[in-house]
Amino acid sequence: MSQHDLTLIVGKDAPRDEINRVRHLIDGAWADGNGEVFERHSPAHGTPVSLISKGDANDASGAIAAARRAFERGVWSDLSGKERATLLLKVADLIDENRPRIARLEVLESGKPISQALGEIEGAADIWRYAASLARTLHGDSHNSLGRDMLGIVLKEPIGVVSIITPWNFPFLIASQKIPFALAAGCTCVVKPSELTPSTTAILGELLIEAGLPAGVVNIVNGFGDPVGSILTTDPRVDMVSFTGSTAVGKTIEKAAGDTLKKVSSELGGKNPQVLFADADLDSAIDAIVFGIYFNAGECCNSGSRIIVHEDILDEVISHVVSLSQKVPFGDPLDPKTKVGAIIHDGHQQKIDSYVREAVAAGAKIEIGGAPIQIDGLPGAFYGPTVVSGLTPDMPIASEEVFGPVLSVLTFRTMDEVISLVNDASYGLSAGVWSENIHTCLEFARRAQAGTVWTNTWMDGFPELPFGGVKESGQGRELGRYGLEEFLEVKTVQMRIGRTRANWI
Ligand code: NAD
């Protein structure tokens with residue numbers, strides 16, 4: 001697809017059959033369910049993008065039944081690691097081939113910029129390749145020192161049927177942080193993408209079929225938390241739930257899944273601090289602060305949404321952040337030059353704005369922004385780059401997930417003080433430290449309560465490195481070897497060698 005094609009959008013009055021049609025994938029076949037549909041409009045352009053089958057209890061139950069059957073029949077779990085890896089590699093190649101098409105739909109449904117979406121899809125293909133490599137390394141342990149007459153074997157087995165529930169902010173990437181690892185482990189899945197961004201997960205379904213995945217191994221049901229998400233987390237035929245989304249829904253899911261004692265792995269929200277010591281390399285740090293807060297319009301679990309700055313450099317840092325913020329290209333997400341696109345929907349834009357209004361009413365100072373902005377010719381919701389200072393740590397804007405391009409600025413004087421500011425939070429997803437002193441960085445990295453600590457960088461990521469949170473940012477890990485372990489169950493086999501067992505009676 002050429003760049004020109006990327007600027008084509010279905011017009012407001014387009015016939016309905018020109019709109020991208022998103023169906024359920026159940027037992028290897030595309031299904032309309034009960035025929036009910038809902039629409040998704042581009043949050044930037046206001047035009048219709050997708051017409052989506054609205055899943056009901058029958059669709060969810062049928063998809064779970066298909067996944068259960070596929071698992072019990074061993075059509076996937078009985079394959080060798082080599083066979084599973086070969087298929088995952090094929091999917092990675094197909095993702096590469098379909099990259100422009102996937103990226104375009106990702107842009108139109110989520111409002112993220114096209115250059116970023118293309119990068120995310122490329123990164124997703126790389127994750128599928130990494131997961132394929134893990135499929136060939138599955139192994140357990142053996143215990144050969146339990147005495148002459150005993151051998152112990154620890155087997156790793158697929159956990160079974162996994163419900164995979166994903167959010168709207170990185171739809172294809174997050175599906176790719178879960179599905180290939182579940183498949184590498186030998187599990188079968190039922191996937192529910194966000195109702196706001198389901199199209200690219202449906203494309204992934206097409207690619208899985210094209211790659212030759214047996215029917216029923218991956219099923220997709222579109223729709224809402226109620227009833228689809230709720231059934232996926234309570235049905236006794238499901239063994240595990242892998243969820244990414246808000247902490248509030250994560251807590252609901254933990255409770256719902258508790259009745260049948262399913263394993264739950266969850267990637268939830270964050271209020272991630274970047275800490276700047278007085279000896280920081282400010283050029284790099286300021287760029288990373290601006291990237292950390294405006295990337296994906298701040299709608300990012302890893303958003304560096306609060307900076308904690310040493311008092312000696314506060315004025316310098318604020319003035320540099322403000323001046324660099326003015327240079328960030330906000331605009332039409334389909335324009336390749338745009339770095340920040342639209343907010344996911346009007347209601348969310350209002351929520352972002354209300355955090356800012358509340359902070360101002362409580363005495364905070366707006367250094368830049370603090371209001372929605374207009375992008376020429378586009379009706380969608382856009383929020384201006386915003387920096388807010390004069391805060392106390394307990395203000396909602398400084399302690400809650402705003403999920404928008406709004407940076408909170410706090411200050412500190414000593415390491416002990418900044419560690420308590422960082423750790424006195426309900427979240428613990430990621431944290432960052434900027435200092436030219438390795439001892440400062442290491443002390444911070446060891447004392448910060450977070451799943452990931454970046455030192456002199458922000459938001460780098462690699463398929464090899466595990467990702468996840470502590471405290472209310474979730475439990476379990478994705479990516480890396482740990483990302484595979486999540487989907488494995490441990491079985492102990494104890495073997496007696498010869499007739500050496502002493503009778504009890
Ligand atoms: P959300 O929690 O509103 O929705 C996530 C998914 O859960 C959607 O598919 C939704 O339909 C489904 N859902 C809603 N109610 C449900 C229920 N009762 N049972 C089962 N499923 C239900 O989150 P969102 O608004 O789509 O995404 C934004 C949130 O996700 C933010 O809080 C962000 O921090 C978090 N997030 C975390 C990570 C991470 O890796 N830690 C990554 C991306 C997003």
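Just the heavy atoms: all of them, side chains too, but no hydrogens, waters or symmetry mates, feed the values below.
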Should we say atom [atom1] of [X] is surrounded by more than 12 heavy atoms from elsewhere, each under 6.0 Å from it?
X: Arg481; atom1: CZ; answer: yes
X: Phe291; atom1: CZ; answer: yes
X: Asn144; atom1: CG; answer: no

Any donor-acceptor N/O pair, [X] side chain to [Y] backbone, under 3.5 Å:
X: Asn219; Y: Gly216; value: yes
X: Asn98; Y: Leu94; value: yes
X: Thr233; Y: Gly229; value: yes
X: Lys192; Y: Ile220; value: no
X: Asn169; Y: Glu299; value: yes
X: Arg68; Y: Arg237; value: yes
X: His143; Y: Ser145; value: no
X: Trp454; Y: Val433; value: no
X: Asp56; Y: Gly33; value: no
X: Glu401; Y: Gly270; value: yes

Test Thr338 against Ile114 for side-chain contact (heavy atoms from CB on, under 4.5 Å), laying out the working first.
CA-CA 8 Å; Thr338 295; Ile114 185 68; over 6 Å; no
How far apart are the C-alpha atoms of Arg496 and Thr500, what are their side-chain angles, what is the distance that settles it, and do they pass the side-chain hydrogen bond (donor to acceptor under 3.5 Å, both in side chains) test?
CA-CA 7 Å; Arg496 191 162 280 279; Thr500 56; 3.1 Å; yes
Kindly give the heavy-atom pair with the smallest separation between [X] and [Y], and that separation in Å.
X: Ala215; Y: Ala70; value: O-CB, 4.0 Å
X: Pro214; Y: Trp76; value: CD-CE3, 4.0 Å
X: Tyr482; Y: Pro466; value: CD1-CG, 3.7 Å
X: Arg148; Y: Ile497; value: O-CD1, 3.9 Å
X: Ala184; Y: Ala135; value: CB-CB, 3.9 Å
X: Pro193; Y: Thr166; value: CA-OG1, 3.2 Å

For [Y], is there an ion pair with [X] - N to carboxylate O distance below 4.0 angstrom?
X: Arg129; Y: Asp96; answer: yes
X: Lys156; Y: Glu485; answer: yes
X: Arg21; Y: Asp32; answer: yes
X: Glu400; Y: Arg306; answer: no
X: Lys351; Y: Asp346; answer: no
X: Asp149; Y: Arg501; answer: no

Answer whether the closest heavy-atom distance between the side chains of [X] and [Y] falls below 4.5 Å.
X: Lys263; Y: Asp239; value: no
X: Asn34; Y: Asn58; value: no
X: Ile127; Y: Leu479; value: yes
X: Thr234; Y: Thr260; value: no
X: Val22; Y: Asn20; value: yes
X: Asp93; Y: Trp128; value: no
X: Tyr427; Y: Asn272; value: no
X: Thr188; Y: Val218; value: no

So, taking the atom named [atom1] in [X] and the one named [atom2] in [Y], what distance separates them when rounded to the nearest 0.5 Å?
X: Thr492; Y: Ile153; atom1: OG1; atom2: CD1; value: 10.5 Å
X: Ser77; Y: Ile159; atom1: OG; atom2: CD1; value: 13.5 Å
X: Asn222; Y: His24; atom1: CG; atom2: NE2; value: 6.0 Å
X: Ile231; Y: Ser163; atom1: CD1; atom2: OG; value: 10.5 Å
X: Ile64; Y: Cys189; atom1: CD1; atom2: SG; value: 12.5 Å
X: Leu484; Y: Glu478; atom1: CG; atom2: CD; value: 12.5 Å

Evaluate the ring planes of Tyr130 and Phe181, with Trp represented by its six-membered ring, and classify them as parallel (under 30°), tilted (30 to 60°) or perpendicular (over 60°).
tilted
Parallel, tilted or perpendicular: which one describes the rings of Trp168 and His348, with boundaries at 30° and 60°?
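Geometry flag for His348 against Trp168: perpendicular rings.
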With salt bridge (charged side-chain N to carboxylate O under 4.0 Å, His left out) as the criterion, how do Asp27 and Arg69 come out once you've worked through the C-alpha distance, each side chain's angles and the decisive distance to 0.1 Å?
CA-CA 9 Å; Asp27 211 7; Arg69 259 192 323 272; 2.9 Å; yes
Would you sort out whether Leu488 and Leu138 count as a side-chain contact (heavy atoms from CB on, under 4.5 Å), showing the intermediate values?
CA-CA 10 Å; Leu488 291 169; Leu138 277 175; 3.5 Å; yes
Residue pair Gln177, Phe170: steps toward the side-chain contact (heavy atoms from CB on, under 4.5 Å) verdict
CA-CA 10 Å; Gln177 289 182 188; Phe170 296 93; over 6 Å; no
Given Ser50, which partner from the list Glu109, Glu39, Arg40, His41 fulfils the side-chain hydrogen bond (donor to acceptor under 3.5 Å, both in side chains) test?
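Checked Glu109, Glu39, Arg40, His41 against Ser50; only one passes side-chain hydrogen bond (donor to acceptor under 3.5 Å, both in side chains): Glu109.
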Before giving the answer on side-chain contact (heavy atoms from CB on, under 4.5 Å), spell out for Val91 and Leu208 the whole-Å C-alpha distance, their side-chain angles and the decisive distance to 0.1 Å.
CA-CA 6 Å; Val91 176; Leu208 290 169; 3.8 Å; yes
Whether the Glu83 and Thr86 side chains hold a donor-acceptor pair (N or O, under 3.5 Å, no angle test) is what I'd like checked.
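Per modelled atom types, Glu83 and Thr86 side chains form no pair under 3.5 Å.
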Go through it in stages, so that I can follow the logic: the residues are Glu122 and Arg99, the test is salt bridge (charged side-chain N to carboxylate O under 4.0 Å, His left out), and I'd like the CA-CA distance, side-chain angles, deciding distance and then a yes or no.
CA-CA 7 Å; Glu122 187 180 8; Arg99 189 157 76 108; 3.7 Å; yes
Could you list the donor-acceptor pairs under 3.5 angstrom formed by side chains in residues 240-256, with sequence neighbours left out?
residue : atom : partner : partner atom : Å
Ser242  : OG   : Lys178  : NZ           : 3.0
Thr244  : OG1  : Lys178  : NZ           : 2.8
Ser246  : OG   : Val249  : N            : 3.3
Thr247  : OG1  : Gly269  : N            : 3.3
Thr247  : OG1  : Glu472  : O            : 2.9
Lys251  : NZ   : Glu472  : OE1          : 3.0
Lys251  : NZ   : Glu472  : OE2          : 3.4
Thr252  : OG1  : Ala248  : O            : 3.1
Glu254  : OE2  : Gln475  : NE2          : 2.6

